[in-house]
Number of protein chains: 2
Amino acid sequence: MSDETGARIRKKALALFRKRGFERTTMRDIARAAKVSLGAAYYYFPSKDALVLSYYEDMQLAHDKAARAAFRGANGLEERVRGVLHSKLDVVADDRHLLGAIFRTAVDPESALSAFASSTGGVRQQSVAIFDEAVGDEPMPEDIRALLPKAMWLLHVGMLLYFAHDQSPGQIRTRHLVDDAARVIVPLIAMASLPMLAPMREELVRLVARAFEPQVPSPSTPPAPGESS
Amino acid sequence: MSDETGARIRKKALALFRKRGFERTTMRDIARAAKVSLGAAYYYFPSKDALVLSYYEDMQLAHDKAARAAFRGANGLEERVRGVLHSKLDVVADDRHLLGAIFRTAVDPESALSAFASSTGGVRQQSVAIFDEAVGDEPMPEDIRALLPKAMWLLHVGMLLYFAHDQSPGQIRTRHLVDDAARVIVPLIAMASLPMLAPMREELVRLVARAFEPQVPSPSTPPAPGESS
DNA sequence: GTCTATAACATGATAGAC
DNA sequence: GTCTATCATGTTATAGAC
(Lines give C-alpha, C1' and ligand atoms only; values in the text may rest on other atoms or scores of the structure.)
Protein backbone atom coordinates (compact mmCIF):
# COMPACT_ATOMS: atom_id res chain seq x y z
CA MET A 1 0.00 0.00 0.00
CA SER A 2 3.01 2.25 -0.42
CA ASP A 3 1.47 4.72 -2.81
CA GLU A 4 -1.67 5.11 -0.81
CA THR A 5 0.19 5.63 2.46
CA GLY A 6 2.56 8.21 1.02
CA ALA A 7 -0.33 10.09 -0.50
CA ARG A 8 -2.19 10.07 2.79
CA ILE A 9 0.79 11.42 4.70
CA ARG A 10 1.25 14.13 2.16
CA LYS A 11 -2.41 15.06 2.16
CA LYS A 12 -2.63 15.21 5.94
CA ALA A 13 0.58 17.20 6.11
CA LEU A 14 -0.66 19.83 3.69
CA ALA A 15 -3.97 20.00 5.53
CA LEU A 16 -2.19 20.56 8.84
CA PHE A 17 0.15 23.10 7.32
CA ARG A 18 -2.84 25.00 6.04
CA LYS A 19 -4.68 24.82 9.32
CA ARG A 20 -1.91 25.57 11.77
CA GLY A 21 1.03 26.82 9.77
CA PHE A 22 4.33 25.18 8.96
CA GLU A 23 6.20 25.84 12.19
CA ARG A 24 3.44 24.79 14.50
CA THR A 25 2.85 21.52 12.71
CA THR A 26 5.23 18.84 13.92
CA MET A 27 6.24 15.70 12.12
CA ARG A 28 4.63 13.82 15.00
CA ASP A 29 1.36 15.63 14.35
CA ILE A 30 1.53 14.67 10.72
CA ALA A 31 2.27 11.05 11.48
CA ARG A 32 -0.56 10.89 13.99
CA ALA A 33 -3.03 12.49 11.58
CA ALA A 34 -2.02 10.04 8.84
CA LYS A 35 -2.24 7.15 11.32
CA VAL A 36 1.33 6.08 10.77
CA SER A 37 4.39 6.08 12.94
CA LEU A 38 6.92 8.87 12.91
CA GLY A 39 9.39 6.57 11.23
CA ALA A 40 6.94 5.80 8.46
CA ALA A 41 6.49 9.49 7.72
CA TYR A 42 10.24 9.80 7.34
CA TYR A 43 10.32 6.73 5.20
CA TYR A 44 8.19 8.52 2.63
CA PHE A 45 9.46 12.05 3.06
CA PRO A 46 13.10 12.47 4.03
CA SER A 47 12.45 15.79 5.74
CA LYS A 48 9.80 18.26 6.67
CA ASP A 49 11.05 20.52 3.91
CA ALA A 50 10.43 17.73 1.42
CA LEU A 51 6.76 17.98 2.26
CA VAL A 52 6.84 21.67 1.47
CA LEU A 53 8.57 21.01 -1.82
CA SER A 54 5.76 18.62 -2.55
CA TYR A 55 3.33 21.48 -2.05
CA TYR A 56 5.49 23.67 -4.24
CA GLU A 57 5.14 21.19 -7.09
CA ASP A 58 1.40 20.94 -6.61
CA MET A 59 1.11 24.68 -6.67
CA GLN A 60 3.07 24.91 -9.90
CA LEU A 61 0.89 22.36 -11.61
CA ALA A 62 -2.26 24.11 -10.48
CA HIS A 63 -0.92 27.43 -11.69
CA ASP A 64 -0.19 25.99 -15.11
CA LYS A 65 -3.79 24.96 -15.49
CA ALA A 66 -5.23 28.15 -14.04
CA ALA A 67 -3.02 30.40 -16.14
CA ARG A 68 -3.85 28.60 -19.37
CA ALA A 69 -7.52 28.90 -18.56
CA ALA A 70 -7.03 32.62 -18.01
CA PHE A 71 -5.16 32.94 -21.31
CA ARG A 72 -8.13 31.52 -23.18
CA GLY A 73 -10.33 34.43 -22.22
CA ALA A 74 -7.60 37.05 -22.50
CA ASN A 75 -7.13 39.62 -25.18
CA GLY A 76 -3.67 41.10 -25.62
CA LEU A 77 -0.55 41.16 -23.48
CA GLU A 78 -1.93 43.24 -20.67
CA GLU A 79 -4.76 40.84 -20.01
CA ARG A 80 -2.49 37.83 -20.23
CA VAL A 81 -0.11 39.35 -17.72
CA ARG A 82 -3.00 40.11 -15.43
CA GLY A 83 -4.20 36.55 -15.89
CA VAL A 84 -0.91 34.81 -15.22
CA LEU A 85 -0.30 36.82 -12.05
CA HIS A 86 -3.78 36.81 -10.59
CA SER A 87 -4.14 33.10 -11.23
CA LYS A 88 -0.96 32.53 -9.25
CA LEU A 89 -2.38 34.50 -6.36
CA ASP A 90 -5.60 32.52 -6.61
CA VAL A 91 -3.68 29.28 -6.39
CA VAL A 92 -1.70 30.25 -3.29
CA ALA A 93 -4.36 32.39 -1.66
CA ASP A 94 -5.26 29.84 1.00
CA ASP A 95 -1.64 29.07 1.79
CA ARG A 96 -0.10 32.42 2.46
CA HIS A 97 1.64 31.29 5.61
CA LEU A 98 3.16 28.36 3.76
CA LEU A 99 4.85 30.80 1.42
CA GLY A 100 6.99 31.96 4.30
CA ALA A 101 8.30 28.44 4.81
CA ILE A 102 8.99 28.09 1.11
CA PHE A 103 10.82 31.37 0.93
CA ARG A 104 12.91 30.51 3.91
CA THR A 105 14.38 27.51 2.16
CA ALA A 106 14.27 28.99 -1.34
CA VAL A 107 16.53 31.83 -0.33
CA ASP A 108 19.11 29.78 1.52
CA PRO A 109 22.17 29.11 -0.64
CA GLU A 110 22.90 25.90 1.26
CA SER A 111 19.46 24.45 0.82
CA ALA A 112 18.73 21.93 -1.90
CA LEU A 113 15.38 23.60 -2.34
CA SER A 114 16.97 26.94 -3.03
CA ALA A 115 15.16 28.77 -5.80
CA PHE A 116 18.44 28.71 -7.67
CA ALA A 117 19.39 25.13 -6.94
CA SER A 118 19.26 22.54 -9.66
CA SER A 119 16.95 20.25 -7.70
CA THR A 120 14.15 22.77 -8.11
CA GLY A 121 15.26 23.60 -11.63
CA GLY A 122 12.55 21.57 -13.26
CA VAL A 123 9.77 23.29 -11.40
CA ARG A 124 11.33 26.69 -11.98
CA GLN A 125 11.73 26.10 -15.70
CA GLN A 126 8.12 25.09 -15.90
CA SER A 127 7.21 28.28 -14.11
CA VAL A 128 9.27 30.42 -16.47
CA ALA A 129 7.58 28.65 -19.39
CA ILE A 130 4.15 29.85 -18.35
CA PHE A 131 5.41 33.43 -18.42
CA ASP A 132 6.79 32.75 -21.85
CA GLU A 133 3.31 31.76 -22.90
CA ALA A 134 1.95 34.93 -21.38
CA VAL A 135 4.27 37.04 -23.52
CA GLY A 136 3.17 35.01 -26.52
CA ASP A 137 3.78 36.54 -29.91
CA GLU A 138 3.54 40.13 -28.79
CA PRO A 139 5.78 42.09 -31.16
CA MET A 140 8.97 43.43 -29.58
CA PRO A 141 12.73 43.47 -30.09
CA GLU A 142 14.30 40.05 -29.96
CA ASP A 143 16.55 40.69 -26.99
CA ILE A 144 13.67 41.89 -24.87
CA ARG A 145 11.58 38.94 -25.95
CA ALA A 146 14.26 36.55 -24.79
CA LEU A 147 14.61 38.06 -21.33
CA LEU A 148 11.08 39.11 -20.54
CA PRO A 149 9.81 35.73 -19.27
CA LYS A 150 12.69 35.39 -16.84
CA ALA A 151 12.28 38.97 -15.69
CA MET A 152 8.59 38.36 -15.15
CA TRP A 153 9.31 35.22 -13.21
CA LEU A 154 11.62 37.20 -10.97
CA LEU A 155 9.05 39.93 -10.46
CA HIS A 156 6.45 37.30 -9.69
CA VAL A 157 8.67 36.00 -6.89
CA GLY A 158 8.68 39.53 -5.55
CA MET A 159 4.92 39.57 -5.88
CA LEU A 160 4.64 36.40 -3.81
CA LEU A 161 6.92 37.87 -1.18
CA TYR A 162 4.76 40.97 -1.07
CA PHE A 163 1.66 38.79 -0.94
CA ALA A 164 3.03 36.81 1.98
CA HIS A 165 3.52 40.04 3.92
CA ASP A 166 0.32 41.69 2.76
CA GLN A 167 -1.92 42.33 5.77
CA SER A 168 -4.67 44.10 3.87
CA PRO A 169 -8.08 42.38 3.79
CA GLY A 170 -8.12 39.78 1.07
CA GLN A 171 -4.61 40.93 0.18
CA ILE A 172 -6.26 43.59 -1.90
CA ARG A 173 -3.07 45.60 -2.06
CA THR A 174 -1.22 42.87 -3.90
CA ARG A 175 -4.16 42.56 -6.27
CA HIS A 176 -4.00 46.27 -7.03
CA LEU A 177 -0.26 46.08 -7.51
CA VAL A 178 -0.72 43.36 -10.10
CA ASP A 179 -3.29 45.41 -11.98
CA ASP A 180 -0.98 48.41 -11.97
CA ALA A 181 1.97 46.37 -13.14
CA ALA A 182 -0.03 44.82 -15.96
CA ARG A 183 -1.21 48.23 -17.09
CA VAL A 184 2.34 49.55 -17.17
CA ILE A 185 4.07 46.70 -18.94
CA VAL A 186 2.79 47.30 -22.48
CA PRO A 187 3.78 50.97 -22.73
CA LEU A 188 7.04 50.10 -21.02
CA ILE A 189 7.87 47.61 -23.73
CA ALA A 190 6.84 50.10 -26.36
CA MET A 191 9.14 52.69 -24.88
CA ALA A 192 12.04 50.30 -24.60
CA SER A 193 11.54 49.42 -28.25
CA LEU A 194 12.18 52.98 -29.42
CA PRO A 195 15.18 52.86 -31.79
CA MET A 196 16.54 55.94 -30.09
CA LEU A 197 17.00 53.92 -26.89
CA ALA A 198 18.60 50.93 -28.54
CA PRO A 199 22.12 51.48 -27.15
CA MET A 200 21.02 51.72 -23.57
CA ARG A 201 18.61 48.86 -23.99
CA GLU A 202 21.40 46.66 -25.22
CA GLU A 203 23.47 47.49 -22.19
CA LEU A 204 20.61 46.77 -19.82
CA VAL A 205 19.76 43.54 -21.57
CA ARG A 206 23.35 42.43 -21.42
CA LEU A 207 23.47 43.21 -17.73
CA VAL A 208 20.36 41.23 -16.92
CA ALA A 209 21.30 38.38 -19.22
CA ARG A 210 24.64 38.08 -17.50
CA ALA A 211 22.93 37.99 -14.13
CA PHE A 212 20.92 35.01 -15.30
CA GLU A 213 23.89 32.98 -16.47
CA PRO A 214 24.15 29.71 -14.60
CA GLN A 215 26.61 29.59 -11.75
CA VAL A 216 27.90 26.11 -12.33
CA PRO A 217 27.83 24.01 -15.46
CA SER A 218 24.56 22.19 -15.06
CA PRO A 219 24.77 18.42 -15.67
CA SER A 220 22.55 18.73 -18.72
CA THR A 221 24.63 21.52 -20.23
CA PRO A 222 28.25 20.93 -21.26
CA PRO A 223 30.63 23.59 -19.91
CA ALA A 224 30.23 26.54 -22.22
CA PRO A 225 33.44 28.20 -23.37
CA GLY A 226 34.23 31.66 -22.06
CA GLU A 227 31.99 31.69 -19.03
CA SER A 228 34.19 32.21 -16.00
CA SER A 229 33.42 35.78 -14.92
CA MET B 1 29.78 42.09 34.66
CA SER B 2 26.66 42.05 32.55
CA ASP B 3 27.92 44.21 29.73
CA GLU B 4 31.22 42.46 29.48
CA THR B 5 29.62 39.00 29.48
CA GLY B 6 27.10 39.87 26.81
CA ALA B 7 29.81 41.36 24.64
CA ARG B 8 31.94 38.25 25.07
CA ILE B 9 29.11 35.93 24.08
CA ARG B 10 28.38 38.04 21.08
CA LYS B 11 32.00 38.19 20.02
CA LYS B 12 32.55 34.47 20.36
CA ALA B 13 29.32 33.76 18.53
CA LEU B 14 30.27 35.87 15.54
CA ALA B 15 33.72 34.29 15.46
CA LEU B 16 32.20 30.82 15.45
CA PHE B 17 29.63 31.77 12.84
CA ARG B 18 32.43 33.00 10.61
CA LYS B 19 34.55 29.94 11.18
CA ARG B 20 31.97 27.20 10.90
CA GLY B 21 28.82 28.75 9.53
CA PHE B 22 25.54 29.51 11.21
CA GLU B 23 23.92 26.11 11.11
CA ARG B 24 26.89 24.17 12.34
CA THR B 25 27.45 26.46 15.27
CA THR B 26 25.27 25.45 18.20
CA MET B 27 24.24 27.57 21.12
CA ARG B 28 26.14 25.13 23.29
CA ASP B 29 29.29 25.79 21.27
CA ILE B 30 28.83 29.49 21.74
CA ALA B 31 28.22 29.16 25.46
CA ARG B 32 31.27 26.96 25.86
CA ALA B 33 33.49 29.35 23.89
CA ALA B 34 32.28 32.27 25.97
CA LYS B 35 32.76 30.26 29.17
CA VAL B 36 29.17 30.58 30.27
CA SER B 37 26.32 28.14 30.59
CA LEU B 38 23.73 27.62 27.91
CA GLY B 39 21.15 29.37 30.05
CA ALA B 40 23.38 32.39 30.48
CA ALA B 41 23.77 32.71 26.73
CA TYR B 42 20.01 32.73 26.41
CA TYR B 43 19.80 35.29 29.17
CA TYR B 44 21.66 37.75 26.97
CA PHE B 45 20.33 36.70 23.59
CA PRO B 46 16.80 35.34 23.50
CA SER B 47 17.49 33.30 20.40
CA LYS B 48 20.14 32.26 17.97
CA ASP B 49 18.58 34.57 15.44
CA ALA B 50 19.05 37.46 17.83
CA LEU B 51 22.79 36.90 17.54
CA VAL B 52 22.50 37.17 13.79
CA LEU B 53 20.55 40.39 14.13
CA SER B 54 23.41 41.64 16.22
CA TYR B 55 25.73 40.93 13.31
CA TYR B 56 23.29 42.64 10.99
CA GLU B 57 23.54 45.81 13.06
CA ASP B 58 27.32 45.65 13.12
CA MET B 59 27.37 45.24 9.38
CA GLN B 60 25.13 48.24 8.89
CA LEU B 61 27.33 50.44 11.03
CA ALA B 62 30.45 49.32 9.21
CA HIS B 63 28.79 49.97 5.87
CA ASP B 64 27.87 53.50 6.91
CA LYS B 65 31.49 54.28 7.61
CA ALA B 66 32.83 52.52 4.54
CA ALA B 67 30.31 54.12 2.21
CA ARG B 68 30.99 57.63 3.52
CA ALA B 69 34.68 57.06 3.04
CA ALA B 70 33.99 55.98 -0.53
CA PHE B 71 31.85 59.06 -1.12
CA ARG B 72 34.72 61.33 -0.18
CA GLY B 73 36.80 60.14 -3.10
CA ALA B 74 33.89 59.87 -5.52
CA ASN B 75 33.01 62.15 -8.37
CA GLY B 76 29.47 62.10 -9.63
CA LEU B 77 26.53 59.76 -9.15
CA GLU B 78 27.98 56.80 -10.97
CA GLU B 79 31.03 56.70 -8.73
CA ARG B 80 28.97 57.15 -5.61
CA VAL B 81 26.69 54.28 -6.62
CA ARG B 82 29.70 52.13 -7.28
CA GLY B 83 31.10 53.15 -3.92
CA VAL B 84 28.01 52.48 -1.88
CA LEU B 85 27.51 49.03 -3.41
CA HIS B 86 31.12 47.85 -3.48
CA SER B 87 31.66 49.00 0.09
CA LYS B 88 28.70 46.89 1.14
CA LEU B 89 30.22 43.87 -0.54
CA ASP B 90 33.54 44.62 1.13
CA VAL B 91 31.86 44.70 4.51
CA VAL B 92 30.08 41.36 4.11
CA ALA B 93 32.73 39.64 1.99
CA ASP B 94 34.01 37.43 4.79
CA ASP B 95 30.54 36.48 5.94
CA ARG B 96 28.85 35.26 2.83
CA HIS B 97 27.47 32.15 4.49
CA LEU B 98 25.98 34.28 7.25
CA LEU B 99 23.94 36.12 4.66
CA GLY B 100 21.98 32.96 4.04
CA ALA B 101 20.95 32.85 7.68
CA ILE B 102 19.96 36.50 7.61
CA PHE B 103 17.91 36.09 4.47
CA ARG B 104 16.14 33.11 5.89
CA THR B 105 14.75 35.13 8.75
CA ALA B 106 14.44 38.38 6.82
CA VAL B 107 12.09 36.81 4.34
CA ASP B 108 9.85 35.07 6.83
CA PRO B 109 6.67 37.07 7.49
CA GLU B 110 6.36 35.57 10.97
CA SER B 111 9.85 36.46 12.04
CA ALA B 112 10.54 39.58 14.05
CA LEU B 113 13.68 40.03 12.01
CA SER B 114 11.76 40.15 8.78
CA ALA B 115 13.19 42.77 6.48
CA PHE B 116 9.77 44.38 6.57
CA ALA B 117 9.12 44.06 10.28
CA SER B 118 9.19 47.11 12.47
CA SER B 119 11.82 45.67 14.81
CA THR B 120 14.38 45.96 12.06
CA GLY B 121 12.95 49.24 10.87
CA GLY B 122 15.65 51.31 12.47
CA VAL B 123 18.43 49.42 10.80
CA ARG B 124 16.65 49.44 7.49
CA GLN B 125 15.95 53.15 7.64
CA GLN B 126 19.60 53.77 8.32
CA SER B 127 20.45 51.64 5.34
CA VAL B 128 18.07 53.55 3.09
CA ALA B 129 19.62 56.78 4.34
CA ILE B 130 23.04 55.85 3.02
CA PHE B 131 21.55 55.35 -0.43
CA ASP B 132 19.92 58.73 -0.08
CA GLU B 133 23.38 60.17 0.50
CA ALA B 134 24.63 58.35 -2.56
CA VAL B 135 22.01 60.01 -4.71
CA GLY B 136 23.00 63.31 -3.19
CA ASP B 137 22.01 66.43 -5.07
CA GLU B 138 22.08 64.86 -8.51
CA PRO B 139 19.50 66.77 -10.54
CA MET B 140 16.39 64.81 -11.42
CA PRO B 141 12.61 65.06 -11.21
CA GLU B 142 11.29 65.27 -7.70
CA ASP B 143 9.27 62.08 -7.77
CA ILE B 144 12.21 60.03 -8.93
CA ARG B 145 14.41 61.64 -6.33
CA ALA B 146 12.02 60.62 -3.60
CA LEU B 147 11.83 56.99 -4.64
CA LEU B 148 15.34 56.30 -5.86
CA PRO B 149 16.95 55.58 -2.46
CA LYS B 150 14.31 53.00 -1.59
CA ALA B 151 14.56 51.42 -5.01
CA MET B 152 18.33 51.24 -4.64
CA TRP B 153 17.97 49.68 -1.23
CA LEU B 154 15.72 47.04 -2.74
CA LEU B 155 18.15 46.37 -5.56
CA HIS B 156 20.97 46.15 -3.06
CA VAL B 157 19.08 43.39 -1.26
CA GLY B 158 18.95 41.59 -4.57
CA MET B 159 22.67 42.18 -4.95
CA LEU B 160 23.31 40.57 -1.57
CA LEU B 161 21.17 37.60 -2.51
CA TYR B 162 23.13 37.23 -5.72
CA PHE B 163 26.37 37.63 -3.78
CA ALA B 164 25.38 34.90 -1.35
CA HIS B 165 24.84 32.51 -4.24
CA ASP B 166 27.81 33.67 -6.29
CA GLN B 167 30.26 30.78 -6.68
CA SER B 168 32.72 32.63 -8.89
CA PRO B 169 36.21 33.20 -7.47
CA GLY B 170 36.19 36.25 -5.23
CA GLN B 171 32.54 36.69 -6.23
CA ILE B 172 33.83 38.54 -9.25
CA ARG B 173 30.51 38.18 -11.01
CA THR B 174 28.70 40.22 -8.42
CA ARG B 175 31.45 42.85 -8.64
CA HIS B 176 30.99 43.09 -12.40
CA LEU B 177 27.25 43.29 -11.97
CA VAL B 178 27.66 46.26 -9.65
CA ASP B 179 29.90 48.04 -12.11
CA ASP B 180 27.41 47.46 -14.91
CA ALA B 181 24.51 48.66 -12.79
CA ALA B 182 26.37 51.82 -11.79
CA ARG B 183 27.20 52.57 -15.39
CA VAL B 184 23.58 52.21 -16.42
CA ILE B 185 21.92 54.20 -13.69
CA VAL B 186 22.84 57.72 -14.84
CA PRO B 187 21.57 57.40 -18.42
CA LEU B 188 18.54 55.58 -17.07
CA ILE B 189 17.67 58.54 -14.89
CA ALA B 190 18.29 60.90 -17.78
CA MET B 191 15.94 58.92 -19.94
CA ALA B 192 13.25 58.72 -17.32
CA SER B 193 13.52 62.48 -16.95
CA LEU B 194 12.52 63.14 -20.54
CA PRO B 195 9.36 65.28 -20.45
CA MET B 196 7.91 63.10 -23.17
CA LEU B 197 7.85 60.17 -20.73
CA ALA B 198 6.35 62.08 -17.84
CA PRO B 199 2.93 60.39 -17.94
CA MET B 200 4.29 56.89 -17.79
CA ARG B 201 6.87 57.86 -15.23
CA GLU B 202 4.15 59.16 -12.98
CA GLU B 203 2.28 55.92 -13.25
CA LEU B 204 5.36 53.87 -12.48
CA VAL B 205 6.31 56.08 -9.58
CA ARG B 206 2.83 55.84 -8.16
CA LEU B 207 2.98 52.06 -8.47
CA VAL B 208 6.27 51.75 -6.67
CA ALA B 209 5.37 54.34 -4.07
CA ARG B 210 2.21 52.42 -3.27
CA ALA B 211 4.21 49.24 -2.89
CA PHE B 212 6.31 50.94 -0.25
CA GLU B 213 3.39 52.15 1.83
CA PRO B 214 3.54 50.76 5.35
CA GLN B 215 1.35 47.78 6.09
CA VAL B 216 0.35 48.57 9.63
CA PRO B 217 0.97 51.49 11.97
CA SER B 218 3.97 50.33 13.97
CA PRO B 219 3.46 50.27 17.76
CA SER B 220 6.54 52.34 18.47
CA THR B 221 5.57 55.03 16.01
CA PRO B 222 2.43 57.10 16.46
CA PRO B 223 0.31 56.98 13.31
CA ALA B 224 0.89 60.64 12.55
CA PRO B 225 4.17 60.82 10.54
CA GLY B 226 3.73 59.33 7.10
CA GLU B 227 6.80 57.13 6.95
CA SER B 228 7.90 53.74 8.15
CA SER B 229 8.37 51.31 5.29
C1' DG C 1 13.49 -6.68 0.22
C1' DT C 2 9.86 -3.64 1.57
C1' DC C 3 7.58 -1.37 4.90
C1' DT C 4 6.57 -0.01 9.94
C1' DA C 5 7.34 1.00 14.73
C1' DT C 6 10.16 2.26 18.70
C1' DA C 7 14.02 4.27 20.85
C1' DA C 8 17.66 7.42 20.85
C1' DC C 9 20.08 11.74 19.65
C1' DA C 10 21.17 16.74 18.83
C1' DT C 11 19.84 21.11 19.49
C1' DG C 12 16.98 25.35 20.17
C1' DA C 13 14.53 27.03 23.88
C1' DT C 14 12.52 27.35 28.84
C1' DA C 15 11.83 26.84 34.04
C1' DG C 16 13.25 27.31 38.30
C1' DA C 17 16.94 27.02 41.92
C1' DC C 18 20.56 29.79 44.01
C1' DG D 1 22.82 36.90 36.58
C1' DT D 2 24.15 32.48 36.31
C1' DC D 3 23.49 27.71 36.57
C1' DT D 4 21.40 22.97 36.15
C1' DA D 5 17.70 20.36 34.71
C1' DT D 6 14.21 19.61 31.38
C1' DC D 7 11.28 19.97 27.30
C1' DA D 8 9.96 19.87 22.30
C1' DT D 9 10.99 18.64 17.89
C1' DG D 10 13.64 17.52 13.57
C1' DT D 11 16.17 13.68 12.43
C1' DT D 12 18.61 9.15 12.68
C1' DA D 13 19.40 4.42 14.16
C1' DT D 14 17.72 0.12 15.21
C1' DA D 15 14.80 -3.61 15.46
C1' DG D 16 10.98 -6.17 13.79
C1' DA D 17 6.86 -7.66 10.64
C1' DC D 18 5.49 -9.38 6.30
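Numbered from 1 within each chain, the chains take letters A, B, ... in sequence-line order.
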Find which nucleotide of DNA chain C each of A/G39 and B/D29 is nearest to by heavy atoms, and output the residue with the more 5' nucleotide.
A/G39
What is the separation between atom CD1 on B/I9 and atom C1' on C/dG12, rounded to the nearest whole Å?
15 Å
N or O in side chain of B/Y42 less than 4.0 angstrom from D/dC3 OP1/OP2:
no
Would you mind reading off the distance between B/R28 atom CZ and D/dC3 atom P, rounded to a whole angstrom?
14 Å
If you count every heavy atom of other residues, nucleotides or ligands that lies below 6.0 Å from A/K48 atom NZ, does the total exceed 12?
yes
Calculate the interatomic distance between B/K35 atom NZ and D/dC3 atom P; express it in whole Å.
12 Å
Between B/I30 (CD1) and C/dT11 (C1'), how many Å, whole number?
12 Å
With the side chain defined as heavy atoms from C-beta on, B/Y43 is closest, among C/dA13, D/dT2, C/dA7, to D/dT2
Any base atoms under 4.0 Å from B/S37, or only sugar-phosphate, or nothing? Heavy atoms, all strands.
base
Between C/dG12 (P) and B/F45 (CZ): distance, integer Å
15 Å
Within this structure, what is the CE-CD1 distance for the pair B/M152 and B/I185, rounded to the nearest 0.5 Å?
5.0 Å
Rounded to the nearest Å, what distance is computed from the CZ atom of residue B/F22 to the P atom of nucleotide C/dT11?
13 Å
Taking salt bridge (charged side-chain N to carboxylate O under 4.0 Å, His left out) as the criterion, tell me which of B/R80, B/R68, B/R72 meets it with B/E133.
B/R68
Please give, in whole Å, the distance from D/dT9 C1' to A/R32 CZ?
12 Å
Considering only heavy side-chain atoms of A/A40, the closest of C/dA5, D/dG10, D/dT2 is C/dA5
Atom CG of A/L38 and atom C1' of C/dC3 are separated, to the nearest Å, by 15 Å
Using the six-membered ring wherever Trp is involved, compare the ring planes of A/H156 and A/F131 and label them parallel, tilted or perpendicular (cut-offs 30° and 60°).
tilted
Minimum-distance nucleotide to A/K48 side chain [options: C/dA13, D/dG10, C/dT11]:
D/dG10
Phosphate oxygens OP1/OP2 of C/dT4: is one of them under 4.0 Å from a side-chain N or O of A/Y44?
yes
Under-4.0 Å side-chain N/O to phosphate OP1/OP2 contact, A/T5 with C/dC3:
no
What's the closest nucleotide to the side chain of B/S47 if the choices are C/dT4, D/dT2, C/dA13?
C/dA13
Can you see which heavy atom on A/T105 is nearest to which on A/D49, and at what distance?
CG2-OD2, 3.5 Å
